[in-house]
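Reading through the structure tokens given below for one structure.
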Amino acid sequence: MALFQAIPSDGGHRRYDVKSPVTLESIGQFDCATDVEVRSAVERARKAQREWATRSFEQRAEVLWRLVDAIVERQDDIVDLVMKETGKTRMEAISMEVMAPCMQISHYAKRGGKYLATVHKRPSGILRFSKKISLVYQPLGVVGLITPWNGPVALAANPLAQALMAGNAVVHKPSEVTPFSAVLLKELTVAAGFPTDLYQVVQGDGQTGAALIEAGVDKVSFTGSVATGRKVGEACGRNLIPVTLELGGKDAMIVCRDADLDRAAEGAVRGSCFNTGHYCCGTERIYVPEAIYEPFVAKVVEQAKQLKQVESGDGDVGAVFWDKQMDIIEAHMADAKAKGARVLVGGERNRGLSGYFYPATVVVDVDHDMDLMRRETFGPIVAIQKVRDEEEALELANDSDYGLSGNVWTQDLRKGEAIAARMVTGSVSVNDIAVTYGIPEAPFGGVKESGVGMVNGEIGIRGYCHVHPIIVDTTKKAQGGYPYTREGADGLQKMVRTVFGNRLLRKLFV
Ligand code: NAD
């Protein structure tokens, strides 16, 4: 049964029905905004942005603080809706969709003004005597925000807070699989007293997302798959608008011989199964040296067997959020089994429950010929490959088209950092599952096919701005200028020889 289905519509809109992956019952229908509606949303946002940009950081922050109040006030509604819409466990709905947005929005309300304060400085070298520079962080205008289904509130609220704090308006195209979380987020912004049209939601599918990019936005903040990211990047290139692409991953975990095996095994299971494995920085490949392989696998099996899966959402592993993802998980598992992988726990869809459930699964004897180790699976699969040593683990970890995050486990923290530094990926955690996205001071972004650009923290929020240098000449008399003379040109050449021909002077000069 398809959880997301086109249905007949009476007007000029494409209409969809969305079912809960837990109950398989319809939770509602929505109409896709037409291209004209998308364009007019962007135009209205532009008007709202003009007034918003005149507000001080304190005034913008005050609106964001009120959004945090609204989230806290209605956290039960958020949790209920997200659980129904996505099939997340209660714990993950609270931690990811309530707690994380509160932390993210609060971070930018408190620190956004500092990150974006105008910087005044003197240029280096001799120019310091005649010029001063101000770097003004100007808003870009209207940001087109396109988001996926695996973190419907968090992955919208975080860029929203940054874009708004930087003085922009936002038009948001949420995932067609989780449209109702965006409706609720919009309601919360109304309750928080957001100016009309500053944040708008245009519902729709991929075609609507594509229309948003063509609707005159000044930047696109995109989170989603590599395949769509490529199309979004192309469209932004054609329109000459800046874009950040936060894309898929195939994160590696390296377990060193000296790792605390209990801790690493727990990290392997949690990192692989968190959010039903629908975590862009989820652990998808685990490399374990042969010296510790047997005891490590035994501990992982023991832990994975304990994980509960129940329809109420009070278990450890939730539902697979939609049927399309179930197909990918089952296809990767079938490919792995056909090529010799052994399943130690789980490994088949959980048909004991009525919805779309796949249990925590442990699979060994895997290798890089399998899709399970090559392509993003996005399911609760702990896939473990035996390796000779840590060097081989590192080589295999880097043998991937993706590079979003990763993790290393060792009791020697210096060694952990040294291995992390050699991993070709966006970020690395040592002795923890991937947590970079939750720490705003750590810029987040993928390498290789996992993305373009960095988000979060000082670097991320500045990405919602044009850095506008204003250079002021502080001298009393005009410098240089017409008419050009031969003497002037000779003098300039002499100066180049004197200054740049001398190693000490050239360092002082610049
Ligand atoms: P998706 O690429 O299918 O869809 C993402 C969004 O793009 C949706 O809103 C969709 O409607 C829209 N879209 C589709 N076609 C479009 C087009 N041509 N132009 C503009 N917009 C278009 O991704 P998904 O399945 O919703 O999300 C899962 C993926 O997101 C996974 O690969 C996951 O790893 C990735 N993800 C990455 C991060 C990160 O921060 N790097 C975070 C969460 C999820």
Side-chain angles (χ1 to χ4, degrees), residues 3-4 14 16 18 30 32-33 35 38 86 96-97 100 104 144-156 158-159 171-179 181-182 201-215 217 220-236 238-239 241 243-251 274-284 320-329 375-379 401-405 425-427 434-438 443-456 460:
L3 293 181
F4 166 75
R14 292 184 303 287
Y16 293 100
V18 181
F30 72 90
C32 296
D35 293 6
V38 172
T86 67
M96 225 178 138
E97 309 297 333
Q104 292 154 345
L145 174 61
I146 303 177
T147 54
W149 45 263
N150 63 324
V153 181
L155 295 173
N158 186 30
V171 178
H172 176 200
K173 209 298 286 172
S175 168
E176 53 272 49
V177 188
T178 53
S181 295
V201 175
V202 288
Q203 294 289 3
D205 49 19
Q207 222 175 301
T208 322
L212 178 58
I213 301 170
E214 305 293 336
V217 293
V220 172
S221 165
F222 175 82
T223 307
S225 64
V226 173
T228 310
R230 217 181 278 283
K231 291 184 204 163
V232 169
E234 282 168 9
C236 290
R238 200 173 52 249
N239 283 288
I241 46 178
V243 61
T244 50
L245 300 172
E246 294 302 311
L247 309 180
K250 190 77 197 165
D251 286 0
F274 175 72
N275 210 37
T276 323
H278 307 328
Y279 177 39
C280 54
C281 300
T283 298
E284 297 235 341
V320 170
F321 294 7
W322 69 319
D323 43 312
K324 199 173 119 184
Q325 201 59 48
M326 180 66 93
D327 294 346
I328 296 171
I329 296 167
R375 316 188 72 82
E376 189 181 49
T377 307
F378 230 46
D401 293 337
Y402 297 91
L404 193 55
S405 195
T425 189
S427 60
V435 288
T436 318
Y437 194 84
F444 181 81
V447 299
K448 298 191 263 184
E449 292 194 357
S450 289
V452 175
M454 307 294 284
V455 300
N456 294 349

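Keep in mind the model is a prediction, meaning the values are calculated, not measured. All ligand and atom numbering here is 1-based and tracks the order in the structure.
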In terms of relative ring orientation, are Phe30 and Tyr16 parallel, tilted or perpendicular, with 30° and 60° separating the classes? tilted

Is the shortest distance from a heavy atom of Tyr279 to ligand 1 less than 4.0 Å? no

Please verify whether a non-hydrogen atom of Ala227 lies at under 4.0 Å from ligand 1. no

Which residue supplies the protein heavy atom nearest to atom 9 (O) of ligand 1, what is that atom called, and how far is it? Thr147 O, 2.8 Å

Heavy-atom nearest neighbour in the protein, as seen from atom 12 (C) of ligand 1, with distance rounded to 0.1 Å: Ile146 CG2, 3.7 Å

Please classify the Glu376 to ligand 1 contact at 4.0 Å (heavy-atom distances, strictly less than): side chain, backbone, both or neither. side chain

Indicate yes or no: does an N/O atom of [X] lie under 3.5 Å from an N/O atom of ligand 1?
X	result
Lys324	no
Thr223	no
Trp322	no

If you take the nearest heavy atom of each of [options], which one is closest to [atom]?
atom	options	value
atom 43 (C) of ligand 1	Val220, Asn150, Leu245	Asn150
atom 35 (C) of ligand 1	Pro148, Gly224, Cys280	Gly224
atom 23 (O) of ligand 1	Gly426, Gly451, Gly446, Ser225	Ser225

Against heavy atoms of [X], which atoms of ligand 1 measure under 4.0 Å?
X	result
Thr228	1 (P), 2 (O), 3 (O), 7 (O), 13 (N), 14 (C), 15 (N), 16 (C), 17 (C), 22 (C)
Pro174	9 (O)
Lys173	8 (C), 9 (O), 10 (C), 11 (O)

Does any donor atom in the side chain of Thr147 or Thr223 lie under 3.5 Å from an acceptor atom in the other side chain? no

Could you give me the CA-CA distance, side-chain angles and deciding distance for Lys250 and Glu284, then say whether salt bridge (Lys or Arg N to Asp or Glu O under 4.0 Å) is met? CA-CA 5 Å; Lys250 190 77 197 165; Glu284 297 235 341; 2.6 Å; yes

